[in-house]
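To keep things clear, I will list the structure first and then write my remarks on it.
Protein chains get the first letters and strands the later ones, always in sequence-line order, with residue 1 at the start of each.
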Protein chains: 2
Amino acid sequence: MSDVDTLSATFAALADPTRRALLARLRQGEATVTQLAEPFAMSLPAVSRHLKVLERAGLVNKGRDAQWRPCRLDAAPLREVDEWVKGYRAFFEERYDRLAAQLAERRAEHTEEA
Amino acid sequence: MSDVDTLSATFAALADPTRRALLARLRQGEATVTQLAEPFAMSLPAVSRHLKVLERAGLVNKGRDAQWRPCRLDAAPLREVDEWVKGYRAFFEERYDRLAAQLAERRAEHTEEA
DNA sequence: GCTGCACTTAACACACTGGGCAATTAACAG
DNA sequence: CTGTTAATTGCCCAGTGTGTTAAGTGCAGC
């Protein structure tokens, strides 16, 4: 996890239901680590580590208020995810299904030519 | 990786640049395992396993043509990703930045009430 | 049936993940 | 100074991921 590209780090961070739940919670506003951990059947250190993963992925910012570390959502990396998915929208959107099929077929022909 | 939810499996599959490159290649149409492996500085078995990960995530379908396994893109799982990201769009889209801030603040007030 | 090609599986190494508890740091409250 | 609360870090363990090479499987063609 040392020098992974942003997109990989973001996807990896999102590939865990606990972390996605943390993000969902943070949509409702700031929360401390203990507050965030409360709903989970999991130790505080475990949640703290999940938050660190999210933080390193740039999805969460931690502030400092005395002994509390109020966490805020930073959805910026999700913009990149959105852009990436956009490149595949033609392949999963209903209204684009036929277009996608045509694209794939036409490009397959080009491939065979080469 | 046994009984992971679809979204987690999809995100995990996407959290690897090699696999994303494989998907990008498959946008241009069917390809065999060897064809797919060709651009990578990586053994064939390694690529084969990457494809298996994509297959188990439902992102790739493998056919059977004699000794070849033509792989096709199946972007259906990405629809779910798109839906998920949509839930955060208000937090990263320029035009929604102010709205998101308001939402977060208003919900933070509600939280404090409780 | 042997040989070759496409691909998968096996066996192994190694790093990372995610969970637990215990100990530690940091900051407030008396 | 002492004790409490918030949060992190260290250590251990089990499981998983990713790469290698070598062996196995399945199909085609002479």
query = Roughly, in whole Å, what's the span from CD in B:Glu38 to C1' in C:dC5?
reply = 17 Å

query = How long is the line joining CH2 of B:Trp68 and C1' of D:dT25, in whole Å?
reply = 16 Å

query = Under 3.5 Å, is there a donor-acceptor pair between the side chain of A:Tyr88 and the main chain of B:Ala24?
reply = yes

ask   = Of the candidate nucleotides C:dG19, D:dA28, D:dA7, which contains the atom at the shortest distance from the side chain of B:Gln67?
value = D:dA28

task = Report the distance from atom CD of B:Glu30 to atom P of C:dA6, rounded to the nearest whole Å.
result = 17 Å

Ionic contact status for B:Glu55 with B:Lys52, cut-off 4.0 Å = no

ask   = Closest to the A:Lys52 side chain: D:dT18, C:dG4, D:dT8?
value = D:dT8

Nucleotide nearest B:Lys62 (side chain, heavy atoms from C-beta), chosen from C:dT8, C:dG20, D:dA28 = C:dT8

task = For residues B:Pro39 and B:Gln35, report the shortest heavy-atom separation together with the two atoms involved.
result = CD-O, 3.7 Å

task = Could you tell me whether B:Arg19 contacts a base, only the sugar-phosphate backbone, or nothing, with contacts defined as non-hydrogen atoms closer than 4.0 Å?
result = sugar-phosphate

Protein-nucleotide distance (A:Met42, atom CE; C:dT17, atom C1'), rounded to Å = 12 Å

inquiry  = Assuming nearest nucleotide by heavy-atom distance, tell me which of B:Glu55 and A:Ala46 is located more 5' along DNA chain C.
reply    = B:Glu55

query = OP1, OP2 of C:dT17 versus side-chain N and O of A:His50: anything below 4.0 Å?
reply = no

message = In whole Å, I'd like the distance from the CG atom of A:Leu51 to the P atom of C:dG18.
response = 13 Å

query = How close or far is atom P of D:dT5 from atom CG of A:Leu44, stated in whole angstroms?
reply = 14 Å

key: Out of C:dC5, C:dT9, C:dG20, whichever nucleotide has its closest atom nearest the side chain of A:Ser43   = C:dG20

key: 5′-ward residue of the pair B:Pro45/A:Ala66 relative to DNA chain C   = B:Pro45

Distance, rounded to the nearest Å, where B:Arg49 contributes CZ and D:dA22 contributes P = 14 Å

ask   = Out of D:dT8, D:dG26, D:dA6, which nucleotide sits closest to the side chain of A:Ser48?
value = D:dT8

query = Where the side chain of B:Thr10 meets the backbone of B:Thr6, is there a donor-acceptor pair that is under 3.5 Å apart?
reply = yes

remark   = Per atom distances to the A:Arg69 side chain, the nearest of D:dA7, C:dG20, C:dC21 is D:dA7

task = Please report, rounded to the nearest Å, how far the C1' atom of D:dG26 is from the CZ atom of B:Arg64.
result = 9 Å

request  = Name the nucleic acid region contacted by A:Thr18, choosing base, sugar-phosphate or nothing; use a 4.0 angstrom heavy-atom cut-off, strictly under.
outcome  = nothing

message = How close do B:Leu26 and B:Cys71 get, counting heavy atoms only, and between which atoms?
response = CD2-O, 3.3 Å

